[in-house]
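What follows is a set of notes on a single structure, which appears directly below.
Note on naming: letters A, B, ... go to the chains in the order of the sequence lines (proteins, then strands), and numbering restarts at 1 for each one.
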2 protein chains.
Amino acid sequence: MAESAGPAADETLLFLTDDQIRKGIEAMFFAYRGFTADPDRILADQGYGRAHHRAIHFINRSPGTTVNNLLAILGVTKQSLNRVLRTLIDDGLVRSEVGTRDRRERNLYLTEAGAALERELSTAQRDRMRAAFRQAGPEAVAGFRRVLEAMMDGDMRRHYMRFRESES
Amino acid sequence: MAESAGPAADETLLFLTDDQIRKGIEAMFFAYRGFTADPDRILADQGYGRAHHRAIHFINRSPGTTVNNLLAILGVTKQSLNRVLRTLIDDGLVRSEVGTRDRRERNLYLTEAGAALERELSTAQRDRMRAAFRQAGPEAVAGFRRVLEAMMDGDMRRHYMRFRESES
DNA sequence: CTTGGAATGTCAACAAGGCTGACATAAATT
DNA sequence: AATTTATGTCAGCCTTGTTGACATTCCAAG
């Protein structure tokens with residue numbers, strides 16, 4: 001188009017200037033701190049960390065999931081996950097059952113105590129998210145999700161979408 | 001209101017259901033991985049980590065900033081920041097000047113090499129962010145920012161806003 | 001002007017949680 | 001029977017968070 005560099009084009013693409021993008025980057029950085037702040041506090045009290053939260057969250061989301069599945073979602077090594085999982089199992093928050101279909105697999109479930117901690121963590125995190133959602137309004141929330149989905153890596157989007165469907 | 005639990009209310013508040021919120025939480029988790037993936041790869045090649053990226057980013061954003069200022073923004077202990085800063089200074093990416101007004105302070109600047117790495121990192125990160133922004137559209141971007149701003153802790157929002165103003 | 005406290009930065013040591021590599025075991029598959 | 005797959009474990013490394021101890025510098029109260 002002849003006037004693609006004209007003022008009209010500049011105006012419609014203002015959200016793509018380096019400055020706008022940089023603001024988006026910092027927004028992401030600062031918001032993620034807030035996003036994890038409340039669970040982090042609770043976890044610190046119990047001697048756990050963010051890694052434990054992630055494991056608990058995804059075991060709760062899909063009870064009976066296997067170690068391998070969890071590895072793919074969390075994107076860490078089995079050694080790293082194993083250390084976290086071991087403490088959760090030893091502390092009686094997670095139950096690991098030998099798979100029935102394939103007995104090499106371990107199916108992971110939250111125990112009652114694990115579910116209790118999960119509720120405590122997700123309540124804190126949801127409260128903040130809910131407040132942010134309410135304050136921003138429904139259309140902002142839709143935009144928020146659209147941008148985040150476009151920002152994911154393909155693999156991660158697959159895991160995200162699979163969940164969205166299963167819970168539609 | 002009498003009909004606050006009626007179907008109309010349910011519909012307008014659908015974005016506040018536990019399910020919607022949980023999707024927001026997972027979107028945040030998966031998107032943050034994508035957000036840091038590209039810089040992480042570059043940094044790993046050079047033997048640096050995310051902490052170095054953060055320091056470089058904020059020194060670039062406000063040249064001459066003090067260590068104390070950086071501490072407040074990054075939300076880590078001075079000892080932790082110092083280690084990262086030390087390697088950056090030793091490697092000639094950051095210059096630390098004794099403050100003129102107050103000689104206890106150190107004013108931090110990127111060297112030419114530091115600025116070059118900063119450009120490499122921010123280009124990678126901006127490219128992904130720009131693609132996500134373009135794909136989602138301007139209204140989604142506005143919503144994205146509104147939700148993220150509402151999600152920040154007060155302190156962090158202050159740091160975020162201060163920057164937004166200074167770069168208006 | 002001196003002295004005590006506050007601010008700032010550095011050094012040392014430790015912990016969490018990533019990583020790699022090597023290896024064992026059991027079960028499924030070919 | 002041999003191979004592949006899923007899982008677990010040991011050992012060791014790195015980054016990046018933490019505390020504690022300490023040096024330097026500034027400022028303000030006496």
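Remark on the helix from C/dC1-D/dG30 to C/dT30-D/dA1: inter-end axis angle 10°, axes from five-pair C1' superpositions, rounded to 10°.
With hydrogens and angles ignored, no donor-acceptor pair closer than 3.5 Å exists between the side chain of A/R106 and the base of D/dG8.
Atom-to-atom, CG of B/D45 to P of D/dC14 comes out at 17 Å; the value is rounded to the nearest Å.
For A/Q79, whose side chain is taken as the heavy atoms from C-beta onward, the closest listed nucleotide among D/dT16, D/dC10, C/dG9 is D/dC10. For A/H52, the listed nucleotide lying nearest its side chain is C/dG17; candidates were C/dT20, D/dA21, C/dG17. For B/N82, taking side-chain heavy atoms from C-beta onward, the closest of the listed nucleotides C/dG18, C/dT10, D/dT9 is C/dT10. Taking only side-chain atoms of A/A51, from C-beta outward, the nucleotide of C/dT8, D/dT16, C/dG18 with the closest atom is C/dG18.
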Using a 4.0 Å heavy-atom cut-off, write out nucleotides 24-30 of chain C from 5' to 3' as B (base contacted by protein), S (sugar-phosphate only) or - (no contact).
--BBS--
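In this structure, B/F30 has its ring center no closer than 6.0 Å to that of B/F35.
Residue contacts for B/G99: at a heavy-atom cut-off of 4.0 Å it reaches no nucleic acid atom on any strand shown.
The one candidate from A/N68, A/T66, A/V67 that meets the side-chain contact (heavy atoms from CB on, under 4.5 Å) condition with A/E105 is A/T66.
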Stepwise side-chain hydrogen bond (donor to acceptor under 3.5 Å, both in side chains) check, B/T65 with B/N69
CA-CA 6 Å; B/T65 189; B/N69 201 346; 3.3 Å; yes
Stepwise side-chain hydrogen bond (donor to acceptor under 3.5 Å, both in side chains) test for A/S122 and A/H57:
CA-CA 8 Å; A/S122 75; A/H57 174 98; over 6 Å; no
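Scanning residues 87-97 of chain B for heavy-atom distances under 4.0 Å to DNA chain C yields an empty list.
The salt bridge (Lys or Arg N to Asp or Glu O under 4.0 Å) search around A/R146 returns none, not counting sequence neighbours. Residues satisfying the salt bridge (Lys or Arg N to Asp or Glu O under 4.0 Å) criterion with B/R130, sequence neighbours excluded, are A/D18, B/D127.
Counting heavy-atom neighbours within 6.0 Å of B/E139 CD, excluding the residue itself, gives a total of 12 or less.
OP1 or OP2 of D/dT7 sits under 4.0 Å from a side-chain N or O of A/N68. Of the side-chain N and O atoms in A/R54, one or more sit less than 4.0 angstrom from OP1 or OP2 of C/dG18. Taking side-chain N and O atoms only, B/R86 has a distance below 4.0 Å to OP1 or OP2 of C/dT10. Taking 4.0 angstrom as the limit, B/T77 places a side-chain polar atom (N or O) nearer than this to OP1 or OP2 of D/dT18.
Listed by first then second residue, pairs satisfying ring pair (Phe, Tyr, Trp, His ring centres under 6.0 Å) with a partner in residues 95-143 of chain A read A/F133-A/F144, not counting sequence neighbours.
The 5' end of DNA chain D is approached more closely, in terms of each residue's nearest nucleotide, by A/N69 than by the other of B/G49 and A/N69.
Using modelled atom types, one side-chain atom of A/R128 and one backbone atom of A/G34 make a donor-acceptor pair closer than 3.5 Å.
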